[in-house]
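What follows is one structure encoded as structure tokens, with my remarks underneath.
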Amino acid sequence: MLSFLLKRATMAVVVMVNVSIICFVLSNVAYDPAIGIAGAQATDEDLALIRQTYGLDRPLLVRYGEYIGNIAQGDFGVSYLTKRPVLDMIVERLPVTALLAILSMALALAIALPLGSAAALWPDTIIDRLAQLLAVAGQAIPNFWAGLLLIVLFGVQLRWLPISGSESVAHFVLPSITLGTFAMPPLIRLIRAGMIEVLASDYIRTAKAMGIRPFQITFKYALKNAVLPVVSLSAVQLGFMLGGSIVVESIFALNGVGYLAWQSMSRSDMPVIQAIVLLISLIYIVLTLLADLLNAYMDPRLRSARK
Amino acid sequence: MLLQVRDLKVTLQDQGQRLRAVRGVDLDLAAGETLCVVGESGCGKSMTALALMQLLPRGAELSSSKLQFDGIELSKLSRHKLSALRGRRISMIFQEPMTALNPVFTIGDQLRAVYRRHTGVSSAEAQARAIEVLESVGLTNAELRMKQFPHQLSGGLRQRVLIAMALMCEPEMIICDEPTTALDATTQAQILRILKEAQSARKMGMLFITHDLGVVARIADRVAVMYAGRIVEHGSRAAVLRSPAHPYTKGLIASVPRPQDGGTGSKRLASIPGNVPAFHHEDPRCPFLSRCPKRMSICTREAPPVRQTEAGQQVACHLPLDAQEALTA
């Protein structure tokens, strides 16, 4: 187990270094950071002065080395716009994004698990059709549109829920529904397909032949096998959401990482963008690792394969 | 009679067509008796077993004029009552030990669950009972095995675990669907011995499905030969194996390799040409019609009558009984 962890940690570092190189090179070669700082109307003299002040006239490799060195000390640079440390800006927005991501994921799983299972237990019935309709609709409706519809219905017409800001939990209801609906369809499909396969398996037939109660067969014997692939998918989806949903946070003016990413991109605030990209890849790597560990915990076959 | 089955029919859906897998089977099984249902792949013997357990696959239709276990009509039982009966009074062992155990629960979890479901005892009592039964089926290190997962055991060990699971609640009847087919010869012999011992110790009725006449010779009291969804011959082990009456049974017995013929290459192993036909429509005529070497014109017109031979078995065939005797000689 320890060697597995070490291997995965090494791989994580390699991936992170690669991401940082690609991100740094793209944002310095494909685009001139001096223009970003000075603005489009800056004269050539202004730009030269800025390049000198920020050290942008030095070779790329030197600047990358300095960038990585700073990151190692927890210094992700300073925002061109706000002149504040990038790390502070991200850290203060992270709770909003994390709350949104966890609520959305919880909502998606809370609906997908029972609905997908029910669809598998009674295929080609009204429940199955409903699950499939929900899966198709959730995937087909863009979340900016779903978000706007929810705002119109619950915020403007019924006036039940606030439509922007992040002051209370109520502010998170509509964004979570929007983002959760977006994450749900592949989960419903995966659970339905997994349960159909597992319910037709030999070991479920054995359990039936031994008189195990139907409820226990479905929710203990079958579900534990069917959710194994769901763990991995959920980790990827949660990673995606923890990186901040740019669209959903913008619609509901939630001051999270996604909203920050959108602001930084529209104003070319490179240090912030770079830091967010690194953060997202770090979250992905950590969650994938956690999902693997959770899978190994749940599936004994994986555990012994790794020994 | 422990088990009484009359006119059992199972129809499957096969790519939009109705496939008649079991076409009117009658079976009787007494307590303490072993009945072997023998036939080649696709003859409907597994479907018969699953029908008795009410475990037919989705889309299968079952009909029967009688499907009684100890006087209880199984086809009329509610899902709840059926589940209380299975594993408690009727158990089943399947062909594939490799896939028949749940991969994510330990052997102990799965054995205890069965016992606790039917007796409601504590986990500790179930643990003790599981170890006792595992040891009775010849498993060493039972306590260690309880903590292991199915993938850590060999096929033979898994089949013993499945037998133990089926015996947990001391059922009155056990249905074995080719439990030794997937195992090597040595393990097969051990498993048969364990099953036979368990059966005689507990006076269980055993319905044993197999295609292997060697297994039949070893464990059967009575034999029912099944072909294309029907039982074509039925009688005591001695009668059916020593003086088979139906041309199909004869062909089946002739196709068993004998050590005295083997190795020299002098004699070709006998086989029955063709395959088991699939029946999509009702056809009362003899199911063996298309492959029978003794076919007569009456066979293509009329259903064969069921008659009793001198040796005592029942056979469904048009051939005159004396002609059948002559064939045997």
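Just so it is clear: chains get the letters A, B, ... in the order the sequence lines come, proteins before strands, and each one is counted from 1. The figures here come from the full heavy-atom set of this structure, side chains too, leaving out hydrogens, waters and symmetry mates.
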Taking CZ in Phe94(B) as the centre, count heavy atoms belonging to other residues, nucleotides or ligands within less than 6.0 Å. Is the count above 12?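 Yes - once you tally the heavy atoms of other residues, nucleotides and ligands closer than 6.0 Å, there are more than 12.
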CD of Gln13(B): more than 12 outside heavy atoms within 6.0 angstrom?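 Atom CD in Gln13(B) is crowded, with more than 12 foreign heavy atoms closer than 6.0 Å.
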Rounded to the nearest 0.5 Å, how far does [atom2] of [Y] lie from [atom1] of [X]?
X         : Y         : atom1 : atom2 : answer
Asp299(A) : His151(B) : CG    : NE2   : 8.0 Å
Asp124(A) : Arg58(B)  : CG    : CZ    : 8.5 Å
Asp109(B) : Tyr221(A) : CG    : OH    : 7.5 Å

Looking at Val198(A), Asn225(A), Leu228(A), Ile204(A), which makes the most heavy-atom pairs under 4.5 Å with chain B?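 Of Val198(A), Asn225(A), Leu228(A), Ile204(A), Asn225(A) has the most heavy-atom pairs under 4.5 Å with chain B.
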Heavy-atom pair count under 4.5 Å with chain B, highest-scoring of Lys224(A), Arg213(A), Met298(A), Gln216(A):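 Most heavy-atom pairs under 4.5 Å with chain B: Arg213(A).
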Applying side chain to side chain contact (heavy atoms under 4.5 Å, CB included), run through Arg86(B) and Ile212(A) and close with a yes or a no. CA-CA 8 Å; Arg86(B) 290 186 197 136; Ile212(A) 302 293; over 6 Å; no
Can you tell which part of Arg79(B) gets under 4.5 Å to a heavy atom of chain A, answering side chain, backbone, both or neither?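 Interface part for Arg79(B): side chain.
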Toward chain A, the part of Met92(B) with a non-hydrogen atom under 4.5 Å: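 Backbone plus side chain of Met92(B), per the 4.5 Å heavy-atom cut-off to chain A.
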So Leu50(B) and Arg205(A), side chain to side chain contact (heavy atoms under 4.5 Å, CB included) or not? Walk me through it. CA-CA 10 Å; Leu50(B) 290 173; Arg205(A) 193 177 60 181; 4.1 Å; yes
Contact summary for Pro300(A) and Pro103(B), nearest pair of heavy atoms: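 Scanning both residues, the minimum pair turns out to be CG-O, 3.2 Å.
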Taking all non-hydrogen atoms of both residues, which atom of Met210(A) and which atom of Ser91(B) are closest, and how far apart?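 Answer, listing the atom of Met210(A) first, then Ser91(B): SD-OG, 4.1 Å.
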When you measure from the side chain of Arg88(B) to the backbone of Gly211(A), do you find a donor-acceptor pair of N or O atoms at a distance under 3.5 Å?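 Judged by distance alone, no pair lies under 3.5 Å.
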